[in-house]
Amino acid sequence: MNKIRHIYKLLLDRYGPQKWWPTTLKKDIHPTYHGQKLNNKARFEIAVGAILTQNTSWKNVEKAIIELNRKNLLSAEKIKKANQKILAKTIKSAGYYNQKAERLKILADFFSKNKFEDLMKKDAAELREIFLKIKGVGPETCDSIILYALEKPIFVVDAYTKRMCGHLKLCKKDASYREIQDLFMKNLKQDTKMFSEYHALIVEHAKHCYSRNPYSDRLLKQSL
DNA sequence: CGCCAGGGCCTCA
DNA sequence: TGAGGCCATGGC
């Protein structure tokens, strides 16, 4: 059986559905998103979260998003108008707050000029070209926005994914982002929901098995 | 106390 | 292209 598909089954069986993107869908934090189709506010918030979580634990990001909400700053128009230093202070808990405040400003500017309805008419490859031109948006942030905010099928590769694939010898240790992305996308059905789950499951699994060297991944090593 | 977290930019070969 | 420095808080 195909290893990539096999790993997905094993992880799903072990951890259950993750229902990513997290937090924004939790009822207690954002009632309007719970169990509903994403609205534009939710999509924007996911993009903001994708920036804020760069090399940062989600817990710290969650606090920052709650603060943005509390100060009524969670929209493209509001962030565009906001004082950058105040914005930085608001997202302090997410770390790199000066850089990220600038990146949020740029992102807000982008989304005020490019409406979700229009962006969603494009396919993942077109969107990728567009987002990668934005300063502060690299491959992972770009693909996270495309997959989770715009719901187009593209596989998100992060440090955990690379670590896991290297450890399981599914790719070379110095494999590029695109190589690893291709590895998954060429072995899977192009399905947004499944790609969303799979990436989330890798993160969950990696938190257990790939946080500290030497890695021990009994679940997957035994089964491959 | 040190290490690391769901990266990306800039600089310099 | 790729390696290394830099950005920074909070949890453990």
Side-chain angles (χ1 to χ4, degrees), chain A residues 7-8 11 15 17-26 45-68 84-110 128-150 154-167 171-182 184 192 194-217:
Chain A
I7 290 172
Y8 178 63
L11 294 181
Y15 300 104
Q18 302 296 299
K19 317 265 192 189
W20 268 31
W21 194 266
T23 310
T24 56
L25 302 174
K26 285 183 185 168
E45 180 175 327
I46 290 168
V48 167
I51 294 284
L52 293 181
T53 199
Q54 290 169 354
N55 201 35
T56 300
S57 68
W58 184 257
K59 204 74 185 166
N60 290 0
V61 174
E62 186 173 290
K63 288 178 190 165
I65 292 178
I66 289 169
E67 278 308 293
L68 285 171
Q84 191 165 319
K85 289 188 175 164
I86 291 176
L87 183 61
K89 198 185 296 179
T90 306
I91 61 170
K92 187 165 180 287
S93 71
Y96 308 123
Y97 48 83
N98 289 315
Q99 270 192 358
K100 286 176 179 175
E102 184 189 358
R103 290 176 186 182
L104 289 188
K105 279 281 196 182
I106 295 169
L107 190 78
D109 187 59
F110 174 84
R128 206 163 195 280
E129 271 193 54
I130 293 169
F131 280 109
L132 284 177
K133 288 180 186 156
I134 302 173
K135 185 182 172 189
V137 176
E140 186 190 337
T141 305
C142 163
D143 290 338
S144 295
I145 293 172
I146 295 171
L147 180 65
Y148 291 105
L150 300 176
I154 195 150
F155 202 87
V156 177
V157 175
D158 63 355
Y160 284 145
T161 313
K162 184 169 184 175
R163 217 178 282 175
M164 185 186 84
C165 289
H167 186 67
C171 72
K172 296 171 188 148
K173 285 201 165 60
D174 60 348
S176 69
Y177 186 98
R178 290 305 288 260
E179 283 180 282
I180 299 174
Q181 185 174 53
D182 281 348
F184 283 87
T192 299
M194 189 266 293
F195 283 173
S196 304
E197 269 303 328
Y198 203 158
H199 171 66
L201 285 164
I202 289 173
V203 172
E204 182 60 25
H205 181 57
K207 282 178 181 170
H208 292 278
C209 300
Y210 293 95
S211 281
R212 184 67 75 171
N213 231 330
Y215 309 134
S216 80
D217 186 352

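From a predicted model like this one, the values you see are computed outputs, not experimental measurements. Just so we're on the same page: letters track the sequence lines, and every chain starts at 1.
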| message | Can you check the distance between dG5(C) and dG6(B), where both ends of the measurement are the C1' atom (answer in whole Å)? | response | 22 Å

| NA contact type, K100(A), heavy-atom cut-off 4.0 Å: base, sugar-phosphate, or nothing? | nothing

| side-chain hydrogen bond (donor to acceptor under 3.5 Å, both in side chains) partners of N55(A), counting only residues at least two apart | Y96(A)

| Do any pairs count as a salt bridge (Lys or Arg N to Asp or Glu O under 4.0 Å) and have a residue in residues 194-210 of chain A, sequence neighbours left out, and if so which ones? | none

| said: Can you list everything that forms a salt bridge (Lys or Arg N to Asp or Glu O under 4.0 Å) with E179(A)? Sequence neighbours excluded, please. | reply: none

| said: Pick the closest DNA chain B nucleotide for D158(A) and for R212(A) by heavy atoms, then say which residue is nearer the 5' end. | reply: R212(A)

| request: State which residues pass side-chain contact (heavy atoms from CB on, under 4.5 Å) with C165(A); sequence neighbours excluded, sorted by chain then number. | output: T161(A), L170(A), C171(A), I180(A), L183(A), F184(A)

| request: May I have the distance from E140(A) (atom CD) to dG8(B) (atom C1'), rounded to whole angstrom? | output: 10 Å

| said: My understanding is that only residues two or more places apart in sequence, or in another chain, count here; which of them pass salt bridge (Lys or Arg N to Asp or Glu O under 4.0 Å) with D182(A)? | reply: none

Shorter than 3.5 Å, N or O on both sides, protein versus nucleotides 9-13 of chain B: list them out with atom names.
unit_1 : atom_1 : unit_2  : atom_2 : d
dC9(B) : OP1    : G136(A) : N      : 3.0

| request: Return the set of residues passing side-chain hydrogen bond (donor to acceptor under 3.5 Å, both in side chains) with R128(A) (not counting sequence neighbours), or none when no residue passes. | output: D143(A)

| query | If pairs are Watson-Crick or G-U with both distances under 3.5 Å, what is the dot-bracket string of DNA chain C, marking crossing pairs with [ ] and pairs to another strand with |? | reply | |||||||.||||

| request: Pick base, sugar-phosphate or nothing for A159(A), based on heavy-atom distances below 4.0 Å to the nucleic acid. | output: sugar-phosphate

| note | Outer limits of DNA chain C sitting under 4.0 Å from a non-hydrogen atom of chain A, read 5' to 3', are dC7(C) to dG11(C)

| said: As a test of reading the structure: which of dG6(B), dG8(B), dA5(B) is closest to the side chain of W20(A), going by heavy atoms? | reply: dG6(B)

| request: For N98(A), enumerate each residue passing the side-chain hydrogen bond (donor to acceptor under 3.5 Å, both in side chains) test, keeping only those at least two apart in sequence or located in another chain. | output: none

| query | Taking CD1 from I180(A) and C1' from dG6(B), how many angstroms apart are they, rounded to a whole number? | reply | 14 Å

| field | By side-chain hydrogen bond (donor to acceptor under 3.5 Å, both in side chains) - contacts of Y215(A) (at least two apart) | value | none

| Geometric class of the H199(A)/W20(A) ring pair [parallel <30°, tilted 30-60°, perpendicular >60°] | perpendicular

| note | ring pair (Phe, Tyr, Trp, His ring centres under 6.0 Å) filter on Y97(A), not counting sequence neighbours, yields none

| request: For D174(A), report the nucleic acid contact type (base, sugar-phosphate, nothing); a contact means any heavy atom under 4.0 Å. | output: nothing

| Is any NZ, NE, NH1 or NH2 atom of the basic residue among K92(A) and E67(A) found under 4.0 Å from an Asp or Glu carboxylate oxygen of the other? | no

